[in-house]
Amino acid sequence: MEGVDHLAHERNKAQFDVAVMKAVWAGSRDAYELFHRFSRLVANDPEMFIPAIKAQATEEQQKQWLPLANKMKIIGSYTQTELGHGSNVRGLETTATFDPKTDEFVLNSPTLTATKWWPGGLGKIATHALAHARLIIDDKDYGVHGFLVQLRSLDDHLTLPGITIGDIGMKYGSGAYNTMDNGSLIFDHVRIPRNQMLMRLSQVTREGKYVPSNVPRQLSYGTMVYVRQKIVFDASIALSRAVCISTRYSAVRRQFGSHNGSPETQVIDYKTQQARLFPLLASAYAIRFVSEWLNSFYKDLLQRLEAKDFSTLPEAHACTAGLKSITTSVAADGIEECRKLCGGHGYLTSSGLPELSAVYIPACTYEGDNVVMLLQVARYLMKTISQLKSGNKPVGTTAYLGRAEQLMQYHSDVLRAEDWLKPNVVVEAFEARAARMSMACAQNLSKFNNPEDGFQELSADLVEAATAHCQLIIVSKFIEKLQQDIPGKGVKEQLGVLRSIYALFLLHKHIGDFLSTDCITPKQGYLANEQLRSLYSQVRPNAIALVDAFNYTDHFLSSVLGRYDGNVYPKLYEEAWKDPLNDTSIPDGFHEYVQPMLKQPLHHGRL
Ligand SMILES: CCCCC/C=C\C/C=C\C/C=C\C/C=C\C/C=C\CCCCC(=O)SCCNC(=O)CCNC(=O)[C@H](O)C(C)(C)COP(=O)(O)OP(=O)(O)OC[C@H]1O[C@@H](n2cnc3c(N)ncnc32)[C@H](O)[C@@H]1OP(=O)(O)O
Ligand SMILES: Cc1cc2nc3c(=O)[nH]c(=O)nc-3n(C[C@H](O)[C@H](O)[C@H](O)COP(=O)(O)OP(=O)(O)OC[C@H]3O[C@@H](n4cnc5c(N)ncnc54)[C@H](O)[C@@H]3O)c2cc1C
């Protein structure tokens, strides 16, 4: 019935102050930003073009181009990936050859695989590209640099001479990403003025002299670092959106369990449903908090870079790359699990879940393929370990590696299930697991004469060690979050339950790591799972309130299953009738194709 809250009985069970939890979840961001970060999907994405200009252009170039880009007088595309190269930026083929006679760069796509391919906005709408190309001076290749290239006339939007542009076609399913005109671009000796090479980091003089960057060359990758830390925030939003839908529906849906006419059982009360759903609820909060930390870490990096302090740049790269990888994988897999948690109705477009999945899953690929990103983390971990011998004391997220010797001797002293509720007990187990996995890789790497060969041979183990490291970061930041002052009745207690669910779920899921590195005994692993089951019972009465705290409107969720009022069945039926297929009783084509078959006489008793 309209106006009735079918989930009121669930909301009345809440044991904490939902208004405070809403504030904790929103953190420093407001609802507008949450919505804005998705609205851009259906518009052109200035998410990268503008930050790239800020990161790579001189002050003078910024003064020229930023006002135009900010006011949408030009529409830019971050044009890096090519048909033949995406992960391997140093393998890009597009060239920008300096012509000293005319003081210009000539941009060219020397091969088919040099075709720019994927950049958002490039296919139909962008007027300018921030094109990444190999700088060539006097036949010498100085590597990939950024160049601003106009693609289309600002009068009639037609492509300019030497520019061939197209859209790369439909993408995965009918997802919303098909509203993004990811495009292709071929340069045929296109000339641009020298001052359209972004020259904040390195320069080319009028005489054609290359002035190399006096800062780490990786700062030219700065836009990717910036977007990766934003994508961690996106992961928390995408996952929480799916969890909100599937939690509310799990409380509405009843199946089996009726006795003597009693109502059937709410599927949220099945232990299997809880064991699949509640870790995702906890993960949404965990990712939200680590994204907050990562954003502050990134802002600190920017301040340091202003002061030419590059000390945290390697760690910032490792953290943004690793957390982007881990959180997008958890969110993408979690959205699919939420669809399955909703049974058949989860497969309906009106559930909001297929669309969410279709639009979200490329996050595991864009801004750095998730495996390639974890290999970057592994490289950082191996380098950190290699420097231990020289007395280099790791700090920050790798500080635990400075205690590697001690952690190699660690054995959990858990005796009872409730011992696993102690944050220090959990952190020690996760530190020991991560340290031992990385140390084992380092040990094996040392057996190879050629470190690169070893890295390749051991890359699967290195990815697992990098995963363990990133999961430790997320667990640690969840614990740190709860060391802050958090007001409100029961709020910190509930977050404590989610923190323990998140950690113990990971321990249970990766029990093989913890046992094979001899960090815990099978018995201690069993006790962790015991505790997990108890935690699910504790979170159960608060589940609806915990997803209400995400503060998503029905409009934002766009899901009949995730409606705030839980009035699912009438709305499911109503939504179905909006489908154009239901505009007529007899389907198109029936009379032409089906009816003749039905009318066909029987022959010898056979159709
Ligand atoms: C209707 C429904 C709608 C609702 C939707 C609901 C929910 C959806 C939720 C979210 C969606 C919403 C918003 C999201 C939308 C869009 C998201 C935003 C943008 C998406 C578009 C994506 C854009 C792109 O993909 S741009 C292209 C990205 N490309 C990449 O990332 C390339 C990856 N490759 C690299 O980064 C590099 O090639 C490399 C792998 C790092 C290797 O680089 P290389 O130079 O070869 O370096 P090497 O490995 O040799 O290492 C040398 C040295 O350098 C250090 N290093 C490397 N990189 C960095 C760096 N970035 N910073 C600092 N240091 C770096 C490395 O560690 C080595 O150091 P050392 O020598 O070991 O010390
Ligand atoms: C929706 C979407 C939007 C995008 N938007 C943009 C954009 O706006 N601008 C832009 O420039 N690009 C964009 N891209 C491109 C994107 O950045 C690349 O696709 C991404 O970086 C992955 O690179 P790739 O396609 O070369 O994958 P590949 O690297 O070819 O990956 C293929 C497989 O090879 C594996 N692999 C690769 N290298 C290694 C290695 N060294 N060791 C082990 N395994 C390896 C990967 O793990 C993966 O399994 C977009 C892509 C998508 C899907």
Side-chain angles (χ1 to χ4, degrees), residues 34-42 44-45 47-49 52 77-92 116-122 126 129-132 143-144 168 171-172 175-180 182-183 216-228 230-231 233-242 301 310 312-318 320-321 324-325 328 331-332 335 352 355-380 382-384 386-387 452 455-456 459-460 462-463 556-558:
L34 302 190
F35 186 74
H36 165 69
R37 283 192 62 66
F38 302 120
S39 57
R40 71 171 189 212
L41 258 183
V42 288
N44 172 45
D45 180 359
E47 189 71 32
M48 298 193 68
F49 181 74
S77 171
Y78 185 85
T79 304
Q80 178 175 296
T81 302
E82 297 172 353
L83 256 181
H85 295 90
S87 290
N88 180 10
V89 175
R90 282 200 284 175
L92 295 176
K116 290 298 180 186
W117 194 270
W118 273 111
L122 179 63
L130 199 172
H132 290 69
V144 174
I168 65 171
K171 297 166 283 268
Y172 192 91
Y177 230 112
N178 284 303
T179 57
M180 174 64 85
N182 298 93
R217 74 169 173 84
Q218 289 84 2
L219 284 181
S220 65
Y221 292 167
T223 307
M224 294 186 277
V225 175
Y226 160 76
V227 175
R228 285 171 192 152
K230 278 198 167 265
I231 287 177
F233 170 70
D234 293 339
S236 70
I237 306 304
L239 180 58
S240 56
R241 196 168 149 176
L301 168 75
F310 308 111
T312 60
L313 181 61
E315 184 181 14
H317 167 50
T320 49
K324 180 268 176 193
S325 175
T328 54
I335 294 167
E355 174 73 1
L356 178 54
S357 180
V359 84
Y360 186 75
I361 55 179
C364 298
T365 304
Y366 60 56
E367 219 55 71
D369 164 85
N370 279 357
V371 168
V372 171
M373 291 297 100
L374 285 173
L375 288 168
Q376 285 292 309
V377 178
R379 177 176 179 143
Y380 175 67
M382 294 304 107
K383 183 169 186 178
T384 302
S386 71
Q387 292 171 342
E452 274 310 306
F455 197 91
Q456 290 305 329
S459 52
L462 285 160
V463 161
F556 182 77
L557 290 175
S558 54

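For ligands, and for the atoms within them, numbers begin at 1 and follow the listed sequence.
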S.K.: From atom 50 (O) of ligand 1, work out which of Met373, His132, Glu355, Arg90 has a heavy atom at the shortest distance.
M.R.: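 When every heavy atom of Met373, His132, Glu355, Arg90 is considered, Arg90 comes closest to atom 50 (O) of ligand 1.
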S.K.: Counting only heavy atoms closer than 4.0 Å, does ligand 1 sit against the backbone of Tyr366, its side chain, both, or neither?
M.R.: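 It is both parts that get close, each with some atom under 4.0 Å.
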S.K.: Using side chain to side chain contact (heavy atoms under 4.5 Å, CB included) as the criterion, list what pairs up with Leu313, not counting sequence neighbours.
M.R.: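 Leu313 satisfies side chain to side chain contact (heavy atoms under 4.5 Å, CB included) with Pro216, Leu219, Leu301 once adjacent residues are dropped.
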S.K.: Would Ser87 count as a contact residue for ligand 1, given that I'm defining contact as a non-hydrogen atom of the residue lying under 4.0 Å from a ligand atom?
M.R.: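 It does; at least one heavy atom falls under 4.0 Å.
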S.K.: For atom 45 (O) of ligand 1, which of Tyr221, Tyr78, Phe310, Phe233 has the closest heavy atom?
M.R.: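 Selected option, by shortest heavy-atom distance: Tyr221.
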S.K.: Of all the atoms in ligand 1, which lie at a distance below 4.0 Å from a heavy atom belonging to Met224?
M.R.: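 Once the distances to Met224 are compared, the set is 28 (C), 29 (N), 30 (C), 31 (O), 32 (C), 36 (O).
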S.K.: Answer with yes or no whether Ile237 contacts ligand 1, where contact means a heavy atom under 4.0 Å from a ligand atom.
M.R.: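 Judged by the 4.0 Å heavy-atom criterion, Ile237 does not count as contacting ligand 1.
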S.K.: Which is it for Glu367 and ligand 1 at heavy atoms under 4.0 Å: side chain, backbone, both or neither?
M.R.: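 Contact part for Glu367 vs ligand 1: both backbone and side chain.
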S.K.: Output the set of protein residues with a heavy-atom contact under 4.0 Å to ligand 2, ordered first by chain identifier and then by residue number.
M.R.: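 Residues within 4.0 Å of ligand 2: Tyr78, Gln80, Thr81, Gly86, Ser87, Trp118, Pro119, Gly120, Tyr177, Asn182, Pro362, Thr365, Tyr366, Glu367, Gly368, Asp369, Val371, Val372, Leu375.
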S.K.: Heavy-atom distances under 4.0 Å are what count here, so tell me which part of Leu356 touches ligand 1: side chain, backbone, both or neither.
M.R.: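 The side chain, only.
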S.K.: Under 4.0 Å, heavy atoms only, figure out whether ligand 1 is touched by the backbone of Glu315, its side chain, both or neither.
M.R.: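 No part of Glu315 comes within reach of ligand 1.
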S.K.: If hydrogens are left out, which of Arg217, Met180, Gln376 has an atom nearest to atom 52 (C) of ligand 1, that is, the closest non-hydrogen atom?
M.R.: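 Nearest option to atom 52 (C) of ligand 1, by heavy atoms: Arg217.
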S.K.: With a 4.0 Å heavy-atom cut-off (strictly under), which part of Val89 contacts ligand 1: side chain, backbone, both or neither?
M.R.: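 Both parts.
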S.K.: I'd like to know whether ligand 1 has Tyr380 as a neighbour, heavy-atom separation below 4.0 Å.
M.R.: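 Heavy atoms of Tyr380 never come under 4.0 Å of ligand 1.
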S.K.: So, does Pro314 sit close enough to ligand 1 that a heavy atom of it is under 4.0 Å from the ligand?
M.R.: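 Flag not set, Pro314 not near ligand 1.
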